[in-house]
S.K.: 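One structure, pasted below without further comment.
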Protein chains: 2
Amino acid sequence: MANAPRKAETSIDAIAADLVAVLVAVTEGEPKIMTIANAAALPSGPFQFGHRSLQTGLRAWVEAQTGHPLGYVEQLYTFADHGRTGDARAPHRISISYLGLTREDQVREGSEGHWSGWYEYFPWEDHRAGPPALIAKIVAPKLRGWAKSAESTSVQRARWQRAAITFGLDDRAWNEELVLQRYELLYEASVIPEAVRDKPAGEAVVPGRSMISDHRRILATGIARLRAKIKYRPVVFELMPAEFTLLQLQRSVEALAGRLVHKQNFRRLIEQQELVEETGAMAAETVGRPAKLFRFRHGIVAERAVAGTKLPLSRS
Amino acid sequence: MANAPRKAETSIDAIAADLVAVLVAVTEGEPKIMTIANAAALPSGPFQFGHRSLQTGLRAWVEAQTGHPLGYVEQLYTFADHGRTGDARAPHRISISYLGLTREDQVREGSEGHWSGWYEYFPWEDHRAGPPALIAKIVAPKLRGWAKSAESTSVQRARWQRAAITFGLDDRAWNEELVLQRYELLYEASVIPEAVRDKPAGEAVVPGRSMISDHRRILATGIARLRAKIKYRPVVFELMPAEFTLLQLQRSVEALAGRLVHKQNFRRLIEQQELVEETGAMAAETVGRPAKLFRFRHGIVAERAVAGTKLPLSRS
DNA sequence: TTCCATTATGCTCAGGATAAGTATAACCTC
DNA sequence: GAGGTTATACTTATCCTGAGCATAATGGAA
């Protein structure tokens, strides 16, 4: 390949780009994602001439398909779905994915949009009530089988080590951020429908709703990013109503992280960081002692140098 | 906009995609980036039909243009350079950027590639010898002027607050990760050449070499990502030779972070994390007491659950 | 009314991690 | 052997974190 010009003059290598949205909300302690096509796809559409930017294109598609306006948005990842779709000779099509955070509001009637619980797609990711039974009962045995099916013993060991690390087996700690790694592992082990869609062999056995194309993979990317981000950026508040109790805030964090946190320590961290302020009002219609209502201090983000939200999600 | 089909059948919205590489090396305590076109551009080229994936396309371009093979690679960001280039009606062109880490080796003779120190492009980012004089002498006054030029006093205050936070003015702490925010701020304030390239007004005054198109912005993104990542992932070792002393390792980290770290604490952290092991040999040809040579323990990455590298870069 | 379940909130305490400094060792050049 | 330079071992004070105890409000059941 000779020294090529830095920019192709008028590129003959035209491709198509899709914009895909992982739109997240948390309602009553359950994380939801916006889906279309009977909960089998994420909102998405091609990047078109008319779009002034990638984000405006994305917003247009999401609003058209779901009737839901897009609030906070950040880019996730760009990939050419290729080996995945199989047709190696087809013109290139790349997907540019985004993570969006909102509140679950009224979805326009008659629209295709639908909020789905994200743990329907990843039942092994919810550890709020301890490790889900299906990990020990289904996932681990299947991964053990996959490891054993390798030729050499060194590959067998490497496979099982990888499985144990990502799924917290053999007394290893569960790491809630490895969402994508776990999905990729299940894909490679051919124990989810997406993996056997192309290759005819194998049988999908691990429970969990799948999606078209790469969408469940994109969703895994979004969840992983969000679980990592809530630990050092105050993004949870994008998912909260204007006023909330500290327990509601905690439940939202736990819903996203898929694990429980120590209540008193959680409150201490939130309060000492001055991320919230009391509204003066109290929560109504609750069981137990009424809680103070808080609101997010938007000012703090500007005041501090990119305020870090610490959450007690490090160890344990 | 009616409910559109989820995937355009055969998209008429063809676009072109460029692959851009921020290829980093550290030599003798100085961070370098691979450049072409007389150090005014990053290696890049269009994503073509022949490329099997985005990464293979990138590797092909970098090797063709610089003769340097690509090692560790991770995706940075995808954007449509648009408002930036001005031609709002031109067909869409998106850039997909990557961060690559290697060692500075022999660049093939006659190739266009050249290693440039990255602080030539961002002289305000090197705080290893304290805050650079040009911040107080040039950057701060210019940003003050930009803030004052706003209409309302509230905007004036907001502008100056932003400047103070990103550049650590008014006794605020310097945050080395805000590389992109600082660049964006200088761009908005029209005090760098890129900003006045389109708009004829203004005069570029802040020192620092600029690049074609969005390339300096992409470089800022890469530096920011790397500065963030060395704190929690063992990526520094991608930049080190097979054997190194702890001081060399420290100097590399400091070069990337643009700030000094406490020597004894640095060693303690590195050693207690078992990221390195002694080779048994000692460093030759040095001043002072000879240091032990270490090598990176590749095994540790697999052993631990995505081993976190802690570095003493948090406070201070 | 009392007791209990439930949630809110204040406080303590031990262990670990971190920043920063002191002290000593090993090598070189002059 | 004095002085510069780097390596390496300890010490200390502080802060952070995880974990638990205790008490305060509230509503409903006994």
Side-chain angles (χ1 to χ4, degrees), chain A residues 28-29 127-128 173-176 230-232 243-254 257 259-294 307-316, chain B residues 28-29 128 173-176 230-232 243-254 257 259-294 304 307-316:
Chain A
E28 288 164 28
H127 285 231
R128 283 177 293 179
W174 171 258
N175 183 342
E176 73 276 1
I230 51 172
K231 292 179 191 165
Y232 62 95
E243 303 193 349
F244 47 84
T245 69
L246 291 184
L247 186 59
Q248 286 168 348
L249 182 64
Q250 182 185 343
R251 292 290 177 238
S252 293
V253 168
E254 291 173 336
R259 56 158 50 190
L260 300 179
V261 303
H262 183 103
K263 189 185 206 170
Q264 294 94 319
N265 292 343
F266 179 82
R267 307 172 106 265
R268 178 176 59 190
L269 278 184
I270 296 297
E271 288 185 313
Q272 85 182 14
Q273 289 175 97
E274 302 178 295
L275 290 168
V276 297
E277 62 190 2
E278 300 184 11
T279 67
M282 305 289 278
E285 304 174 37
T286 61
V287 215
R289 173 173 169 178
K292 290 180 192 162
L293 284 174
F294 291 82
T309 331
K310 294 179 202 158
L311 292 178
L313 284 167
S314 13
R315 255 168 278 277
S316 102
Chain B
E28 288 164 29
R128 284 175 293 178
W174 171 259
N175 183 341
E176 73 276 0
I230 50 171
K231 293 178 189 164
Y232 62 95
E243 304 194 348
F244 47 85
T245 69
L246 291 185
L247 185 59
Q248 285 167 350
L249 183 63
Q250 181 185 343
R251 291 290 177 239
S252 294
V253 168
E254 291 173 336
R259 56 160 49 191
L260 301 179
V261 303
H262 184 103
K263 189 185 205 167
Q264 294 93 321
N265 292 343
F266 179 83
R267 305 172 107 269
R268 180 182 54 195
L269 279 183
I270 295 298
E271 289 185 313
Q272 84 181 13
Q273 291 174 93
E274 303 179 292
L275 290 168
V276 297
E277 63 190 1
E278 300 183 12
T279 67
M282 305 290 277
E285 303 175 38
T286 59
V287 218
R289 172 172 168 178
K292 291 179 190 160
L293 283 174
F294 291 83
R304 292 208 219 159
T309 331
K310 292 177 203 159
L311 292 178
L313 283 167
S314 13
R315 255 168 279 276
S316 100

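What you see below is based on every heavy atom in this structure, not just the backbone, and it leaves out hydrogens, waters and symmetry mates. So that the names make sense, note that chain A is the first sequence line, chain B the second, and so on, each numbered from 1.
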S.K.: Tell me the interatomic distance from A:R289, atom CZ, to D:dG27, atom P, rounded to whole angstroms.
M.R.: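 For the pair A:R289 CZ and D:dG27 P, the rounded distance is 13 Å.
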S.K.: Classify A:L246 by what it touches in the nucleic acid, base, sugar-phosphate, or nothing, heavy-atom distance under 4.0 Å.
M.R.: nothing
S.K.: Just by distance, do the side chain of A:E176 and the backbone of A:R259 share a donor-acceptor pair under 3.5 Å?
M.R.: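 No, A:E176 side chain to A:R259 backbone: no donor-acceptor pair under 3.5 Å.
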S.K.: Any side-chain N or O of A:R267 less than 4.0 Å from the OP1 or OP2 oxygen of C:dT9?
M.R.: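 Yes, within the criterion.
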S.K.: Counting only side-chain nitrogens and oxygens, does A:K263 get under 4.0 Å of the OP1 or OP2 atom of C:dA8?
M.R.: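 True: A:K263 side-chain N/O within range (under 4.0 Å) of C:dA8 OP1/OP2.
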S.K.: Take atom CD of A:E278 and atom P of C:dA8, then tell me their distance rounded to the nearest Å.
M.R.: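 It works out to 14 Å between those atoms.
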S.K.: For A:V287 and for A:Q264, locate the closest nucleotide of DNA chain C by heavy-atom distance; then report the residue assigned to the nucleotide nearer the 5' terminus.
M.R.: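 In this pair, the answer is A:V287.
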S.K.: Taking atom C1' of C:dA8 as reference, at what distance in whole Å does atom CG of A:L293 sit?
M.R.: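 The distance from CG of A:L293 to C1' of C:dA8 comes to 13 Å, rounded to the nearest Å.
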S.K.: Between atom NZ in B:K292 and atom C1' in D:dA9, what is the gap in whole Å?
M.R.: 11 Å
S.K.: B:N265 pairs by side-chain hydrogen bond (donor to acceptor under 3.5 Å, both in side chains) with which of B:K263, B:R268, B:R267?
M.R.: B:R268
S.K.: Does a side-chain N-to-carboxylate-O contact under 4.0 Å join B:E278 and B:K292?
M.R.: yes
S.K.: Send over the distance from A:H262 NE2 to D:dG20 C1', rounded to a whole Å.
M.R.: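 Atom-to-atom, A:H262 to D:dG20, this comes out as 7 Å.
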S.K.: Could you pull out the closest heavy-atom pair between A:A283 and A:P290, with the gap in Å?
M.R.: O-CB, 4.0 Å
S.K.: Starting at atom CD of B:E271, determine the distance to atom C1' of D:dC10, rounded to an integer number of angstrom.
M.R.: 14 Å
S.K.: Could you check how far CD of A:Q250 sits from C1' of C:dT7, rounded to whole Å?
M.R.: 11 Å
S.K.: Is there a donor and acceptor pair, one atom on the side chain of A:R268 and one on the base of D:dG18, closer than 3.5 Å?
M.R.: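 Indeed there is one.
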S.K.: Round to the nearest Å and state the distance from A:L249 atom CG to C:dT7 atom P.
M.R.: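 Whole-Å distance recorded here is 17 Å.
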